2 protein chains.
Amino acid sequence: MVRGGMRTGDGRMAEGRAMDRVATIRDVAARAGVSIATVSRVLNGSGNATPETMEKVRAAASDLSFRPSTIGRNLKAARTRTVGVLVPSLTNPVFAESVAGIQDAAAEAGYSVLIASTDYDPGREVRAIEGLLSNRVEGLVLTVADADRSGSLDTLDEVRLPYVLAYNQPERVPRAHVSVDNVAASRAVVERMSALGHRRIGMIAGRFRQSDRSRRRHAGWLAALGDAGLPPGPVVEVDFNETRLAHRLAPFLEGPERPTAFFASNDMLALATIRALRDLGLSVPDDVSVCGFDGIEVGRLMAPSLATLVQPARAMGATAFECLRTGFSGELQGRAVMLPFTLRPGESLGPAPSTSSQALSERRHTQS
Amino acid sequence: MVRGGMRTGDGRMAEGRAMDRVATIRDVAARAGVSIATVSRVLNGSGNATPETMEKVRAAASDLSFRPSTIGRNLKAARTRTVGVLVPSLTNPVFAESVAGIQDAAAEAGYSVLIASTDYDPGREVRAIEGLLSNRVEGLVLTVADADRSGSLDTLDEVRLPYVLAYNQPERVPRAHVSVDNVAASRAVVERMSALGHRRIGMIAGRFRQSDRSRRRHAGWLAALGDAGLPPGPVVEVDFNETRLAHRLAPFLEGPERPTAFFASNDMLALATIRALRDLGLSVPDDVSVCGFDGIEVGRLMAPSLATLVQPARAMGATAFECLRTGFSGELQGRAVMLPFTLRPGESLGPAPSTSSQALSERRHTQS
DNA sequence: TTGTAAGCGTTATCAA
DNA sequence: TTGATAACGCTTACAA
């Protein structure tokens with residue numbers, strides 16, 4: 001075999017060099033001249049052994065760079081110390097952050113993390129769950145589109161595998177979850193907008209039929225508008241991967257009665273909205289304000305910086321994992337954990353334009 | 001035990017409900033009234049069986065919602081069909097994207113993905129590698145800080161576990177990797193800047209001692225400046241997590257001889273740079289242009305949109321996985337795959353300001 | 001076509 | 001203190 005070449009015909013992962021068989025506990029035992037039981041005991045610190053024996057075993061293990069196989073260990077122990085994670089997408093910063101939080105907490109507790117993402121594809125979601133179940137994860141932290149109507153969650157219920165939802169806030173089915181109070185959070189956004197003088201407030205949201213979060217946030221938006229005595233502005237429902245929004249927004253932006261602020265049900269949508277407004281020749285926030293929901297970090301870096309309702313994403317993941325691991329302390333009512341949210345001010349959310357300044361801005365933009 | 005309460009004293013993952021033992025192949029065999037060998041054969045489609053037997057087995061498996069344990073399977077097969085992934089951070093979109101690419105390719109090939117992230121912490125990196133090795137991953141796709149000086153890679157070499165680097169481009173040690181040609185890519189950026197009239201071009205880069213990518217990109221920047229007959233502008237080395245750059249940049253932005261363009265060695269740095277310039281009262285791109293490196297998607301959405309050298313992140317991950325799985329076809333020289341890059345134009349990179357327009361912009365900004 | 005049995009790498013029980 | 005051995009869930013010769 002050529003150097004650098006690899007045999008692949010055996011279906012195994014290609015090997016840069018011939019990979020010699022990994023050392024097993026038996027190899028260590030042979031080299032140390034003891035039984036495998038002794039090796040196990042020494043390496044695990046269970047049971048006693050004479051100093052010399054311990055030394056022999058450790059030396060042998062070290063020589064062979066022996067690492068106990070978690071497979072063998074798992075098989076024996078009937079547990080894997082592995083947690084499954086399922087997210088719609090790793091490329092949405094809010095999920096990436098929460099996964100990072102799960103990783104932190106899991107590593108701390110000595111758990112491995114098996115990650116799968118669905119890219120909003122139901123078929124992939126089913127296969128991912130199957131894979132995680134076959135891998136005998138001890139529990140799952142996951143975010144689904146709609147926690148009230150999810151085949152995956154039904155499956156988990158059937159096989160009685162513990163799970164904790166992150167971000168989801170189911171309305172009908174009582175399911176363990178960690179989230180913020182989406183309704184209250186959305187109200188906070190609208191109240192701020194109202195305090196800034198906005199009277200015509202629209203909403204850009206993910207499909208209500210597909211997302212419990214979107215529904216909740218819409219409900220909060222609606223309720224707050226009602227409380228403030230404001231009429232609901234236009235609602236634009238968009239699909240998950242829709243990034244070009246200009247043609248969707250254009251119809252609502254004509255005439256003097258157009259909204260002066262938009263609440264986007266998540267930050268990616270907020271970014272797309274700002275982009276679209278800009279493409280339509282409107283200034284953010286001079287003409288129209290925008291506030292997002294999630295609190296992704298890049299929002300702080302862009303210009304205008306993104307005003308957003310901040311969810312503690314990292315804590316969301318870490319907390320969900322901890323809930324899974326330790327169990328909720330209370331009973332049923334304790335099966336939900338609400339994390340605190342904050343409103344992060346940003347340049348994208350400013351005071352409502354007065355009629356005169358609005359006209360001014362209008363002139364400025366038609367010039368260019 | 002209370003409903004919703006969970007036992008945790010046994011050290012197991014908390015259970016929302018009593019989790020009955022998962023069905024094994026023996027349970028299925030018993031229920032179907034056949035031997036476990038028959039169950040295995042039927043479910044794997046290996047060997048023959050009468051239609052009735054197959055039916056019985058499938059029914060029993062379905063009734064018990066039996067899913068073959070990959071643990072038992074792996075142990076027997078002495079292979080895991082699992083690939084390890086190690087990235088510095090899941091929250092940097094460029095890594096998140098490449099992980100997504102790995103996931104895609106792995107799922108396609110029937111592999112599971114075990115992910116660990118280091119958060120640029122060497123201690124965590126060591127532990128992560130240990131964990132992946134213990135889990136008997138068949139190979140690794142990973143991105144390290146400096147592929148020329150990495151204890152983790154040395155470990156992998158020692159145990160002869162196949163791996164492919166993603167993004168890294170080692171200079172001295174020949175190691176399998178998938179990347180873009182960082183030097184050529186950086187040259188392309190500088191050439192574009194030069195073509196736009198920029199004569200004083202600075203660089204914001206990650207620490208050279210810590211990052212092979214940073215070194216390569218700096219080399220390309222330097223070479224291109226030389227070719228264009230331009231003097232090297234200021235170089236600002238920053239740490240991984242540094243996001244506040246204003247005070248670092250300020251000293252270089254005084255006087256008429258200040259740079260009119262900055263090349264940032266990655267997109268997160270580019271965003272931080274734009275932010276800092278803005279904080280310093282400078283307009284991007286009217287006063288100073290900025291171009292990043294990576295091609296993260298959010299760059300398109302912000303305003304000004306980010307000009308950047310696009311690496312095919314998703315393909316980077318997918319290709320690295322494929323290289324790992326199938327092996328590089330050639331010999332040693334084939335152990336590197338170079339992916340194509342493109343320069344994505346963006347509003348952050350414009351023509352160099354003329355002296356008069358520069359003064360104008362100066363006035364405009366001191367007003368506000 | 002189907003069943004018996006060995007073995008994968010551990011840990012744990014029980015003897016010695 | 002140490003060793004022989006069974007067991008975990010599965011696949012796969014080999015035998016019936």
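Keep in mind that the numbers below use all heavy atoms, side chains included, and drop hydrogens, waters and symmetry copies. Throughout, a chain's letter reflects where its sequence line sits, starting with A, and its residues are numbered from 1. None of the values given here were measured: they were computed from a predicted structure.
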Can any side-chain N or O of [X] pair as donor or acceptor with the backbone N or O of [Y] at less than 3.5 Å?
X        : Y        : value
B:Thr70  : B:Arg73  : no
B:Asp121 : B:Thr118 : no
B:Arg81  : B:Ala109 : yes

Which nucleotide span of DNA chain D, 5' end to 3' end, has atoms closer than 4.0 Å to non-hydrogen atoms of chain A?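 Boundary nucleotides touching chain A, in 5' to 3' order, are D:dT1 to D:dG9.
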Identified side chain to side chain contact (heavy atoms under 4.5 Å, CB included) counterpart of A:Arg136 within the set A:Thr80, A:Asn74, A:Leu75: A:Thr80
State, to the nearest 10°, the angle formed by the axis through the first five base pairs of the helix from C:dT1-D:dA16 to C:dA16-D:dT1 and the axis through its last five. 50°
Please examine the side chains of [Y] and [X], heavy atoms only from C-beta on, and report whether any two atoms are closer than 4.5 Å.
X        : Y       : result
B:Asn135 : B:Thr82 : no
B:Gln103 : A:Leu90 : yes
B:Ile25  : B:Ser40 : yes

Candidate list B:Asp212, B:Asp154, B:Asp146, B:Asp148, test salt bridge (charged side-chain N to carboxylate O under 4.0 Å, His left out), partner B:Arg175, passing option: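 Exactly one pass, corresponding to B:Asp154.
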Look at atom CD of B:Glu130 and say whether more than 12 heavy atoms of other residues, nucleotides or ligands are closer to it than 6.0 Å.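 Yes, enclosed.
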Which of residues 49-63 of chain A have a heavy atom under 4.0 Å from DNA chain C? none
Please test A:Ser152 against A:Glu125 for side-chain hydrogen bond (donor to acceptor under 3.5 Å, both in side chains), starting from the C-alpha separation and ending with a verdict. CA-CA 7 Å; A:Ser152 296; A:Glu125 182 170 317; 2.6 Å; yes
Name the atoms and distances for all side-chain donor-acceptor pairs under 3.5 Å in residues 314-323 of chain B, with sequence neighbours left out.
residue, atom, partner, partner atom, Å
B:Arg314, NE, B:Asp104, OD2, 3.2
B:Arg314, NH2, A:Asp119, OD2, 3.0
B:Arg314, NH2, B:Asp104, OD2, 3.1
B:Thr319, OG1, B:Ala315, O, 2.5
B:Glu322, OE1, B:Arg325, NE, 3.4
B:Glu322, OE1, B:Arg325, NH2, 3.2

When you match B:Leu75 and B:Gly33 each to their closest nucleotide on DNA chain C, which lands nearer the 5' end? B:Gly33
Taking only residues at least two apart or on different chains, which pairs with a member in residues 115-160 of chain A satisfy ring-ring contact (aromatic ring centres under 6.0 Å, His included)? A:Tyr120-A:Phe240
B/S/- contact track for nucleotides 10-16 of chain C, protein heavy atom under 4.0 Å: BBBB---
